[in-house]
Amino acid sequence: MNTLELYSERYSPTGNVTSEGVLNQLGRPKLDLLAVLMRESVQNSWDARLPDAPSIRFGIAGWTLSERQRELLKQVVFPHRPPDLTLSNLLDSSQDLQVLALYDRGTEGLGGPTRADQMPAENESNNFVDFLRNVGQPPDKHLAGGTYGYGKAVFYRVSEAHTILVHTRCLSNGKLQSRFMGAALGSPFADKQQRFTGRHWWGRTENDVIEPILNRESELMAVNLGLPNFQEHERGTTVAVIQPVWGERSPEQAAQLMVEYLLW
């Protein structure tokens, strides 16, 4: 597999939303962070259900990366790491590296354009850019949740490195398409007189824009990292949190608590 490229967002002359601005949208909720994570992720999944679908499938998976999976992250997914993230310290340390994956199936997936400056086609969603690119977008469905970035900020907050992996399968021009991309929120920084917002993405550079890797390459990356797979013709999304923050709880206690929050 080819290594992914890193794109760190530069400030534009007219200004940008910084990584801290995205994280601060969550504020300081009184609820336990895992409770907010479950509430927002389930709401996002339900809002993405297929038209007239009576139900969706929602899952939680957690595991400690094998040495092979860890090396895949270090050498292929995150070979280039910005200076403002703790991701390098986590990948290079001797401690176990854990992943928490929240996934849905029987949903639309993160479809639509992969660039924020492109208009979606008629009857096409804007889910990909709304989740991975835009900040402060109102919902495009009546009574939909996840308004103004609140629902996605929690994924980054739950990660010790503020880093996530996203694997989705959606329709693009009427055909199934798999997409895989990494994203992180660090801190604003400057390098060689250039200022950066602290927002980062990993994928493939095309026409000076970072894009997700697609189809077979996307599927192969997800399978090798141990992410939940898709059945034939199935659509949906997996969001994997790198090194979840469990607090004083063990991973097993946290998993049980998430189940209780889900039922609640």
Side-chain angles (χ1 to χ4, degrees), residues 4 6-9 18-29 31-42 44-45 59-65 69-70 72-74 77-78 80-93 95-104 110 131-133 135 146 149-168 180-189 197-203 212 221-222 225-228 237-251 253-255 257-258 261:
L4 300 193
L6 166 67
Y7 176 81
S8 298
E9 183 182 56
T18 68
S19 55
E20 293 170 342
V22 180
L23 291 171
N24 287 338
Q25 292 190 61
L26 194 60
R28 297 186 180 276
L31 286 175
D32 181 85
L33 198 57
L34 292 179
V36 179
L37 175 68
M38 296 310 302
R39 183 185 69 185
E40 294 299 319
S41 57
V42 169
N44 289 345
S45 295
I60 308 168
W63 66 97
T64 298
L65 292 177
Q69 291 170 336
R70 189 181 189 126
L72 182 62
L73 277 187
K74 287 177 63 175
V77 182
F78 302 123
H80 311 291
R81 302 187 284 273
D84 61 315
L85 281 180
T86 60
L87 182 62
S88 287
N89 294 336
L90 290 172
L91 289 174
D92 294 336
S93 74
Q95 73 180 68
D96 286 343
L97 192 62
Q98 296 172 335
V99 171
L100 171 67
L102 304 170
Y103 61 97
D104 57 50
L110 298 179
F131 188 80
L132 277 158
R133 310 280 203 189
V135 178
Y150 189 92
K152 58 188 173 187
V154 67
F155 288 100
Y156 296 96
R157 283 277 289 271
V158 170
S159 166
E160 188 176 327
H162 292 168
T163 303
I164 63 173
L165 301 171
V166 178
H167 181 222
T168 188
F180 181 98
M181 179 175 265
L185 298 174
S187 300
F189 67 99
T197 67
R199 300 179 69 199
H200 310 282
W201 296 268
W202 286 264
M221 186 74 77
L225 287 171
L227 272 59
T237 300
T238 300
V239 181
V241 173
I242 304 298
Q243 197 66 348
V245 178
W246 303 127
E248 300 299 319
R249 298 169 287 233
S250 69
Q253 290 171 329
L257 195 58
M258 284 188 286
Y261 286 144

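Since we're looking at a predicted model, the values are computed, not measured. In what follows, every heavy atom counts, from backbone to side chain, and hydrogens, waters and symmetry copies are set aside.
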Chemist: Hey, does the side chain of S159 reach the backbone of I242 with a donor-acceptor pair shorter than 3.5 angstrom?
Modeler: yes
Chemist: Is the side chain of T86 donor-acceptor paired with the backbone N or O of N89 at a distance under 3.5 Å, no angle test?
Modeler: no
Chemist: Report the residues that fulfil side-chain hydrogen bond (donor to acceptor under 3.5 Å, both in side chains) with W201, sequence neighbours left out, ordered by chain and then residue number.
Modeler: none
Chemist: Does the side chain of V154 come within less than 4.5 Å of R39's, by heavy atoms?
Modeler: no
Chemist: For a 4.5 angstrom cut-off between non-hydrogen side-chain atoms, does L225 reach V77?
Modeler: yes
Chemist: Please list, chain by chain and in numerical order, all residues satisfying ring-ring contact (aromatic ring centres under 6.0 Å, His included) with F78, sequence neighbours excluded.
Modeler: W202
Chemist: If you round to the nearest 0.5 Å, how far is NE2 of H200 from CG of D84?
Modeler: 3.5 Å
Chemist: Once rounded to the nearest 0.5 Å, what's the spacing between atom CH2 of W63 and atom CG of L97?
Modeler: 11.0 Å
Chemist: Please check this pair: side chain of Q243 against backbone of Q98, looking for a donor-acceptor N/O pair closer than 3.5 Å.
Modeler: yes
Chemist: Would you say the side chain of V99 lies within less than 4.5 Å of the side chain of Q69, judging by non-hydrogen atoms?
Modeler: no
Chemist: Does D32 form a side chain to side chain contact (heavy atoms under 4.5 Å, CB included) with Y261? I'd like the steps, not just the answer.
Modeler: CA-CA 10 Å; D32 181 85; Y261 286 144; 3.4 Å; yes
Chemist: Between S93 (side chain) and L90 (backbone), is there a donor-acceptor pair under 3.5 Å?
Modeler: yes
Chemist: Name all residues meeting the salt bridge (Lys or Arg N to Asp or Glu O under 4.0 Å) criterion together with R70; count only those two or more places apart in sequence or in a different chain, and write none if there are none.
Modeler: none
Chemist: Would you say T168's side chain and L110's backbone share a donor-acceptor pair under 3.5 angstrom?
Modeler: yes
Chemist: Counting distance only, does the side-chain N/O of R199 pair as donor-acceptor with the main-chain N or O of A183 below 3.5 Å?
Modeler: no
Chemist: With a 4.5 Å heavy-atom cut-off, do F131 and T237 have their side chains touching?
Modeler: no
Chemist: Going by heavy atoms in the side chains, are L4 and F180 under 4.5 Å from each other?
Modeler: yes
